Amino acid sequence: MSSPETSPPDGPDGTEHAVEPAEPAPSSEPNAPDVRPATMNGLLGGLVAVFASFLTFSVLLGGIVAGYLEGADQEDGIIAGLYAGFVYAALIVLPLVLGLGPVVGVGELIGGLEFVDGGLILFMVFYSTFAGGFGGWVGAYLNGEFGDVFGRL
């Protein structure tokens, strides 16, 4: 009797020939996590921050969303949150400042106010970026605590 790894003696010399086992079909698990890059999660978090901009700490909320979507690794959550804060700064802070610049007369301010105005712009960009990063850390922590209870988008 032949083993399952061999075929019946059908060779020209009557010996058994080894049969290679068939490769298993690639599994398509329905519960496999969807892997998105940190930039996509940051973009989603940044859009949440933009749409929730009427809230005081909306950029923190956007970072939490980005970090939660990124997963339980807190370093990756921070990176996704930084992206979310940068998206918020690019969509809210910079157009606001650039839109109001000609009205206020940014180049014609008296004394050293040009420096203060530029410092305020930088502060707003850094605040939004780093608040998003902190929110990403919190979101990754929440993902580690609760898992993907709420699922992925």
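Every value quoted in this text rests on a predicted model; they were computed, and no experiment measured them.
Between Ala72 and Gly144, the shortest heavy-atom distance links the atoms CB-CA, 3.8 Å. Contact between Asn41 and Ala66 at its shortest, heavy atoms only, is O-CB, 3.4 Å. For the pair Val59 and Ser128, the tightest heavy-atom approach, listed with the atom from each and the gap, is CG2-O, 3.2 Å.
Between Leu44 and Val48, every side-chain heavy-atom pair lies at or beyond the 4.5 Å cut-off.
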Validation: residues 74-91 side-chain donor-acceptor distances under 3.5 Å, sequence neighbours left out:
residue : atom : partner : partner atom : Å
Gln74   : OE1  : Trp137  : NE1          : 3.1

